[in-house]
Amino acid sequence: DLVTGVQTCALPICLHQTDGDGSTTPDAFGPIAFEDHRHSGSSVEAHPPISAESVDERENEGVIGRFAPSPTGPLHVGNLRTALIAWLHARSGGGEMVVRIEDLDRANSSRQNEERQLAALAALGLDHEPVTVRQSERFDIYRDVIADLRRRDLVYECYCTRREIREAVNAPHGPELLYPGTCRTLTRSQLAERADRPAALRLRTDSPTLRVDDVVAGPTDSVVDDFVLQRNDGVPAYNLAVVVDDAHQRVDEVVRGDDLLASTGRQMHLQRLLGFSTPLYAHVPLVLGPDGERLAKRHGAVTLDDLAERGIDAVTVLRVLARSIGLDGDAAITAADLVDEFDLGRLPRAPWVVHHEWTTSTQQ
Ligand code: GLU
C-alpha cells in the first residue's frame, strides 16, 4: 500500500510512505474550483495593481501554475516531485506551468544552477515557456511596490538582529519567528541608538490571522506578522517578490512544499493590500531522507545527475515519483503520460520518505 505501508521496489531507490494521520480521503478535498477560491472582499483597503505593465500579456486562457525554484544548487528528487505535481495539476486543469527563477539571493544563486535545474525539468518532460522572470532582474519593480506601501504608511524601519528578535519573543531556537513589533514604536532616543545599523523594512499590520483554504493541507489558519519587505542589505524579501511575481505572471494556482504554508497568510495579506487576487494553494508534504530530516544533498544521490551516475535514468525517476504521488505510472516515459491519471486527491498526505541504499556510505 503506497500510503500506509512500506513500498519496496527493485530499484536502488525505494520509497516509503509514513503513516501520518493515515488519511488519504480524496473526498475531503473535493473538486477544485478555480473560480471559487478567489476572494474579492477583505478587511483591508484594496489598492489597484501596481501598474498595467506589471502584468504579463498572455494569450492562454487556461489556468497557470508555477514552479519557482531558487537556483542555489541542483534540484533534488523532492523538488522535482513538487514540480511534477505543479505541472500535472496545471496540465490536468487544461493549463500550463510557468517557471520563475527566484534568485534574490545573489550570493548563492548562479546561472549554471539555473541551467541545471531547467535541464532536470526537461528530462522529466516538464515543459514550459522559456523563462522570462528572474527575480534578480526585478529589484526596481519590487522597490516601487515598497515605495507605494510606504506612501500608504504601511512600512517601517526595523533595526533588530535575529538574535534580538529571538530574545524578545523568548524563543532561543525554532524555525520561524513572528516579529513582535519591537521597532514599530521606537522612541526618538531608541531610534538614535540604532540609527547606525542598516535597517530592514517591515510591513505594518494589525497581525490578522488569515484562513488558507489549502486544497492539500486543508483549511489552515496563518498568522500575519510585521514581516520583512526588504532585508537590511537592501535586497527585496521573498514574501514581497513572490506576491508581486505571482500576480505579474497571472498565477492561478500555487503548488509548493508545505514548509511555505506558514508564510501563506503573509502573502495573502499583501495580495489584498495590492489588489491582487489570491491563487489556489496546494501545499504538498515535504520529502524526507531516511533519517526523517528534510531531503538534502547529504542524503546521497538525490539529483538526476547523481542518480544517472548510478544507472538510474530519468524515466525510472519519473516512475518512482509518479508512484509516490499515488499514480501507477509504470508505463510512463514522460510527464505527459501521467496527465490523464493525475488526481491530487491521491496524493498521500504524509511526507514521502526517500530511501537510498547508498545513503550511509556517502555520508562518510
Ligand atoms: N523559491 C522558493 C524555493 O525554492 C519557493 C517559493 C515558492 O514556491 O513560493 O524554496
Side-chain angles (χ1 to χ4, degrees), residues 63-90 96-118 120-121 126 128 131-139 142 145 175-176 210 212 214-217 220 222 224 227-229 231 235-271 274 276-288 293-297 302-303 351:
V63 296
I64 298 174
R66 49 76 147 180
F67 182 60
S70 303
T72 54
L75 296 172
H76 60 53
V77 289
N79 310 129
L80 291 170
R81 180 179 186 253
T82 305
L84 176 65
I85 300 167
W87 189 93
L88 287 171
H89 198 268
E96 59 171 307
M97 181 184 86
V98 296
V99 175
R100 164 171 86 233
I101 303 299
E102 301 214 324
D103 54 355
L104 288 173
D105 176 5
R106 303 299 294 132
N108 295 308
S109 302
S110 72
R111 271 299 173 106
Q112 196 196 359
N113 284 333
E114 176 188 319
E115 277 156 26
R116 282 184 77 185
Q117 293 187 336
L118 296 177
L121 297 179
L126 304 180
H128 53 89
V131 170
T132 55
V133 178
R134 281 185 195 85
Q135 293 187 329
S136 60
E137 294 164 0
R138 297 169 52 78
F139 280 24
Y142 308 136
V145 177
E176 202 171 8
L210 299 186
V212 185
D214 194 282
V215 294
V216 173
T220 308
S222 183
V224 181
F227 59 92
V228 172
L229 299 171
R231 299 168 6 175
V235 176
Y238 159 71
N239 282 306
L240 177 94
V242 108
V243 165
V244 171
D245 292 345
D246 281 341
H248 167 74
Q249 296 187 286
R250 298 181 184 274
V251 168
D252 300 295
E253 45 180 60
V254 171
V255 177
R256 61 186 176 191
D258 66 7
D259 53 326
L260 290 165
L261 184 55
S263 248
T264 303
R266 295 175 175 134
Q267 295 175 21
M268 288 169 61
H269 183 73
L270 206 44
Q271 285 154 3
L274 296 170
F276 300 151
S277 51
T278 286
L280 174 119
Y281 285 108
H283 285 90
V284 306
L286 283 183
V287 177
L288 309 177
E293 297 292 326
R294 215 171 139 154
L295 190 68
K297 209 182 165 104
V302 291
T303 68

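Counting starts at 1 for both ligands and their atoms, following the listed order. Numbers for residues simply follow the sequence, beginning at 1. Below, each value reflects all heavy atoms present in this structure, side chains not excepted, and no hydrogens, waters or symmetry copies. Owing to the predicted nature of the structure, the values given are computational and were not obtained by experimental measurement.
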Seminar exercise, completed: Any heavy atom of Y238 under 4.0 Å from ligand 1? The part involved is side chain

For this session: Identify whether the distance between the nearest side-chain nitrogen and carboxylate oxygen of D245 and R66 falls below 4.0 Å.
Result: no

For this session: Taking only heavy atoms of V242 into account, list the atoms of ligand 1 that are under 4.0 Å away from them.
Result: 9 (O)

Exercise. How far is atom 5 (C) of ligand 1 from its nearest protein heavy atom, and which residue and atom name does that atom have?
Worked result: A68 O, 3.4 Å

For this session: For the residue pair Y281 and H283, categorise the inter-ring angle as parallel (less than 30°), tilted (30 to 60°) or perpendicular (more than 60°).
Result: parallel

Exercise. More than 12 heavy atoms of other residues, nucleotides or ligands under 6.0 Å from CZ of R134: is that the case?
Worked result: yes

Exercise. Is there a donor-acceptor pair closer than 3.5 Å between any side-chain N or O of D103 and the backbone N or O of S136?
Worked result: yes

For this session: Give the atoms of ligand 1, by number and element, whose distance to some non-hydrogen atom of R256 is under 4.0 Å.
Result: 7 (C), 8 (O), 9 (O)

Exercise. Looking at atom 8 (O) of ligand 1, what's its closest protein heavy atom, distance included?
Worked result: R66 NH1, 2.6 Å

Seminar exercise, completed: Going by the 4.0 angstrom heavy-atom rule, the piece of L260 near ligand 1 is side chain

Exercise. What heavy-atom pair brings L121 and L75 nearest, and what distance separates the two atoms?
Worked result: CD2-CD1, 4.0 Å

Seminar exercise, completed: Residue, atom and distance of the protein heavy atom nearest atom 10 (O) of ligand 1 read S70 OG, 4.4 Å

For this session: Identify, for atom 6 (C) of ligand 1, the protein heavy atom at the shortest distance, and state residue, atom and that distance.
Result: E102 OE1, 3.2 Å

Exercise. Taking N79 for the side chain and H76 for the main chain, is one N or O donor matched with an acceptor at less than 3.5 Å?
Worked result: yes

